[in-house]
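Everything below concerns the one structure shown next.
Just so it is clear, the structure is predicted and the values come from calculations on it, not from any experiment.
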Amino acid sequence: MSNDSGSTHPPKKHFWQKKQKELTVDDITIVDGDMLKRAVGAAALGNAMEWFDFGVYSYLAVTLGKVFFPGGNAAAQLLATFGAFAAAFLVRPVGGMVFGPLGDKIGRQKVLAITMIMMSIGTFCIGIIPSYESIGIFAPVLLLVARLVQGFSTGGEYGGAATFIAEYSTDKRRGFMGSFLEFGTLGGYLLGAGLVTAMTAGISEEALLSWGWRVPFFIAAPLGLFGLYVRLKLEETPAFQKHMEKQEALEHSKPRLNLFQMLSKYRAQMLKCIGLVLLFNVSNYMLTSYMPSYLTGILGLSELSSLLLVLVVMFVMMPLTLFWGHWNDRLGRRPVIWAGAIGLIIMAIPCMMMIGSGNMLLVFLGLIILGIIHTCFSGSMPATLPALFPTDIRYSALAIGFNLSVSLFGGTTPLITTWLVSTTHNLMMPAYYLMGAGVIGVVTVFTLRETARKPLSGSAPAVASEAEAHKLIKKLRLRQQKERRRRN
């Protein structure tokens with residue numbers, strides 16, 4: 001098979017090319033449409049809950065600074081609040097190292113249920129922590145502990161959810177189905193941020209500081225219980241079930257790779273994962289976590305105006321994420337991600353100039369352009385990242401690579417950009433940071449093979465019906481005949 005990705009690497013053999021016997025319908029995974037919808041919904045719900053918390057935390061950053069870090073100026077409080085935010089990301093790779101291998105050993109569904117419980121507990125606990133005025137230094141310490149619990153649990157969340165959807169989806173629609181994961185992200189963020197915005201508009205600042213900030217965190221408990229119920233109703237992915245059947249037969253002859261062996265064997269794929277996640281998450285956290293506080297704390301816009309601006313941008317991004325999810329199945333993952341990376345390089349400075357102008361129309365235009373660029377990543381990454389790794393180590397490798405990159409480059413984006421702007425007094429620092437991410441993204445995408453409309457590595461082809469399976473077999477036979485004639 002020819003390598004149509006533009007990569008200099010030799011073409012990767014797919015499932016049917018490795019088999020000695022001719023491919024039959026029994027070798028092809030026929031996806032249950034109803035089960036696929038439930039799987040996508042359950043995975044997206046967990047991501048939505050994670051980002052409900054992020055939306056609440058980001059939009060309450062200024063208020064939380066006053067509650068847990070009093071006594072300093074506004075910039076110092078904001079920096080301390082984002083420091084606690086970033087601390088959760090530092091522990092995420094540890095969560096990935098624990099939950100990833102566990103997901104490859106006992107199953108994706110069981111681990112995703114565990115992470116849902118832990119996320120709910122961590123978020124709920126933030127809401128019951130007394131203020132600094134009540135218990136002093138123990139207040140920020142307890143906030144940090146709760147954030148670490150959240151970070152540890154989310155270390156197994158995104159990698160597992162992306163793997164779950166990818167392994168349940170058909171080859172032709174994996175991009176579109178995966179984009180619902182980020183649709184859930186935006187939906188959860190909108191729910192959390194919208195709730196904070198409504199409370200900011202509806203109650204006094206004194207009430208918000210006294211008790212109002214706790215309300216959004218209490219909502220995590222019923223959301224978590226509902227998400228847990230939905231996830232426990234799911235079956236394991238077809239790809240993982242088939243893998244475990246093979247593993248049982250090979251249990252004594254094919255030992256499982258340990259962490260260091262995996263990192264060594266799949267070093268190149270891991271680096272690609274880190275580069276893609278860096279591009280994806282610097283853009284993501286700059287827009288969703290940093291911008292609300294930047295508009296209020298740095299540019300001096302009214303808090304309500306800043307919150308509403310970003311909310312509208314998130315709302316516009318939701319259908320665009322599904323749009324790119326659909327089109328990367330047709331155009332390919334690489335062109336869509338590449339377009340977004342180049343867009344960041346070209347448009348970061350103009351967008352930040354518009355945002356920095358303080359003119360509400362220009363601020364909105366700058367934010368909406370950054371949001372549109374980001375949807376190239378949010379619509380493509382959930383299908384692109386799981387395809388980097390084979391079934392037997394997919395959860396482990398993706399959880400570790402994703403969380404390592406998020407911890408070092410994504411989750412620290414609000415903290416680093418806040419510090420850079422505070423230190424240099426240069427309001428264009430966020431633009432330079434985005435441009436750097438764009439350059440890394442362009443280089444990384446150049447090394448990728450195209451995976452759109454192809455089986456996942458180590459997995460059988462996945463189709464929507466038996467008729468489609470017969471059609472695929474006929475197509476493959478014709479292709480093999482052409483190859484034989486060409487060789488002869």
Side-chain angles (χ1 to χ4, degrees), residues 46-47 49-61 63-65 67-69 77-103 111-132 134-161 188 192 213-214 216-221 223-224 227-228 259 277 281 284-285 288-290 399-416 418-419:
N47 225 39
M49 185 180 161
E50 176 187 346
W51 279 87
F52 172 83
D53 165 60
F54 287 161
V56 168
Y57 198 94
S58 299
Y59 271 52
L60 283 174
T63 301
L64 293 175
V67 172
F68 290 102
F69 306 99
Q77 289 176 343
L78 190 60
L79 198 59
T81 305
F82 279 137
F85 182 83
F89 288 87
L90 298 179
V91 78
R92 283 182 67 159
V94 181
M97 291 177 187
V98 172
F99 291 119
L102 198 60
V111 174
L112 286 173
I114 296 171
T115 60
M116 177 66 77
I117 295 171
M118 292 187 67
M119 279 195 300
S120 302
I121 292 172
T123 304
F124 179 78
C125 284
I126 291 178
I128 63 175
I129 298 173
S131 67
Y132 187 92
S134 300
I135 60 172
I137 191 65
F138 290 105
V141 169
L142 290 174
L143 174 65
L144 180 62
V145 171
R147 288 293 299 158
L148 292 176
V149 171
Q150 289 177 318
F152 182 76
S153 64
T154 52
E157 176 61 30
Y158 188 90
W213 67 269
R214 299 180 186 275
F217 294 105
F218 288 151
I219 294 175
L223 278 178
L228 178 62
L259 175 62
V277 174
N281 279 278
N284 188 8
Y285 288 103
T288 58
S289 299
Y290 179 69
I400 293 170
F402 184 91
N403 289 296
L404 184 62
S405 186
V406 169
S407 299
L408 294 176
F409 309 110
T412 56
T413 294
L415 179 65
I416 292 174
T418 298
W419 177 79

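- Rounding to the nearest 0.5 Å places CZ of F217 at 8.5 Å from CD1 of I129.
- With sequence neighbours left out, F68 forms a ring pair (Phe, Tyr, Trp, His ring centres under 6.0 Å) with W213.
- T123 places no side-chain N or O within donor-acceptor distance of the main-chain N or O of S120, the cut-off being under 3.5 Å.
- Residues A399 and G155 share a closest heavy-atom pair of CB-O, 3.8 Å.
- Residue pairs meeting the side chain to side chain donor-acceptor pair (under 3.5 Å) criterion with at least one partner in residues 86-96, sequence neighbours excluded, are R92-N403.
- Of all heavy-atom pairs spanning L112 and A161, the tightest one is CD2-N, 3.7 Å.
- Each salt bridge (Lys or Arg N to Asp or Glu O under 4.0 Å) pair with one or both residues in residues 79-89, not counting sequence neighbours, would appear here, but there are none.
- With values rounded to the nearest 0.5 angstrom, N284 atom CG is found 9.0 Å from T413 atom OG1.
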May I have the list of side-chain donor-acceptor pairs in residues 136-149 shorter than 3.5 Å, sequence neighbours left out?
{"unit_1": "R147", "atom_1": "NH1", "unit_2": "D53", "atom_2": "OD2", "d": "3.2"}
{"unit_1": "R147", "atom_1": "NH1", "unit_2": "Q150", "atom_2": "OE1", "d": "2.6"}
{"unit_1": "R147", "atom_1": "NH2", "unit_2": "F85", "atom_2": "O", "d": "3.3"}

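- With sequence neighbours excluded, the residues forming a side chain to side chain contact (heavy atoms under 4.5 Å, CB included) with S153 are M118, M119, listed by chain and number.
- Residues passing the side-chain hydrogen bond (donor to acceptor under 3.5 Å, both in side chains) test with N281: none are found, sequence neighbours excluded.
- With sequence neighbours left out, T115 forms a side-chain hydrogen bond (donor to acceptor under 3.5 Å, both in side chains) with E157.
- In this structure Y158 satisfies the side-chain hydrogen bond (donor to acceptor under 3.5 Å, both in side chains) test together with E182, sequence neighbours excluded.
- Applying the side chain to side chain contact (heavy atoms under 4.5 Å, CB included) criterion to I121, with sequence neighbours excluded, gives I117, C125.
- Interatomic distance, OG1 of T154 versus CZ of F99, reported as 9.5 Å (0.5 Å rounding).
- The CG atom of L223 sits 9.0 Å away from the CE atom of M116 when rounded to the nearest 0.5 Å.
- F409 pairs by the ring pair (Phe, Tyr, Trp, His ring centres under 6.0 Å) definition with nothing, not counting sequence neighbours.
- Aromatic rings from F218 and F124 are positioned such that their centres are separated by under 6.0 Å.
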